[in-house]
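Everything below concerns the one structure shown next.
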Amino acid sequence: KKVNDLMRDLAIQVDNLCCFLAQDRVVKFASLDSIKLLQETEKAVNPQLHSWHMKLIEQKKAEKKLTTQTEELEKSLTSFTQQKECLEQDVKRMR
């Protein structure tokens with residue numbers, strides 16, 4: 001209770017992390033864009049959380065790459081199927 005009274009009397013905001021950071025760090029932190037701000041917050045809260053987030057980003061990039069490759073292969077398959085059908089019709093006409 002004494003600690004709480006002292007905190008109130010001195011206007012110490014335990015919830016406000018900016019009160020505990022050096023002012024140059026506060027300025028730097030405040031000037032970050034939203035993505036970098038999220039990354040720095042993750043690092044401060046739990047470095048493993050940041051590591052998981054980076055892994056998710058890499059996995060998403062890999063997923064996009066594989067999706068693009070799959071779409072290209074599907075287009076190629078469609079094209080080759082159409083070519084095969086045309087060639088089969090040519091063979092039938094030649095017989």
Check your understanding: Salt bridge between Asp90 and Arg93, side-chain N to carboxylate O under 4.0 Å?
Key -> yes

**Study point:** Side-chain ion pair, Lys55 and Glu58, N-O less than 4.0 Å
**Key:** no

Spacing of [X] atom [atom1] and [Y] atom [atom2] [to the nearest 0.5 Å]:
{"X": "Leu49", "Y": "Met54", "atom1": "CG", "atom2": "CE", "answer": "9.5 Å"}
{"X": "Lys65", "Y": "Thr67", "atom1": "NZ", "atom2": "OG1", "answer": "12.0 Å"}
{"X": "Lys36", "Y": "Ser31", "atom1": "NZ", "atom2": "OG", "answer": "11.5 Å"}
{"X": "Thr68", "Y": "Leu73", "atom1": "OG1", "atom2": "CG", "answer": "11.0 Å"}
{"X": "Lys84", "Y": "Leu77", "atom1": "NZ", "atom2": "CG", "answer": "10.0 Å"}

Review point. Are any side-chain N or O atoms of Ser79 and backbone N or O atoms of Lys75, one a donor and one an acceptor, separated by less than 3.5 Å?
Key: no

Revision key, fill the gap. Scanning both residues in full, the closest heavy-atom pair of Lys43 with His50 reads CE-NE2, 3.3 Å

Exercise for review: Start with the C-alpha gap between Lys92 and Glu88, add the side-chain angles, then the distance that decides, and say whether salt bridge (charged side-chain N to carboxylate O under 4.0 Å, His left out) holds.
Suggested key: CA-CA 6 Å; Lys92 286 179 182 177; Glu88 284 177 345; 5.9 Å; no

Point to revise | Candidate pair Thr70 and Glu74, rule side-chain contact (heavy atoms from CB on, under 4.5 Å), full reasoning | key: CA-CA 6 Å; Thr70 301; Glu74 286 174 346; 3.9 Å; yes

Check your understanding: Would you say Lys60 and Ile57 make side-chain contact, with heavy atoms under 4.5 Å?
Key -> no

**Study point:** Shared hydrophobic cluster, Leu38 / Ile35 (ILVMFWY, side-chain heavy atoms < 4.5 Å)
**Key:** no

**Study point:** Heavy atoms from other residues, nucleotides or ligands near CG of Leu87 exceed 12 (cutoff 6.0 Å)
**Key:** yes

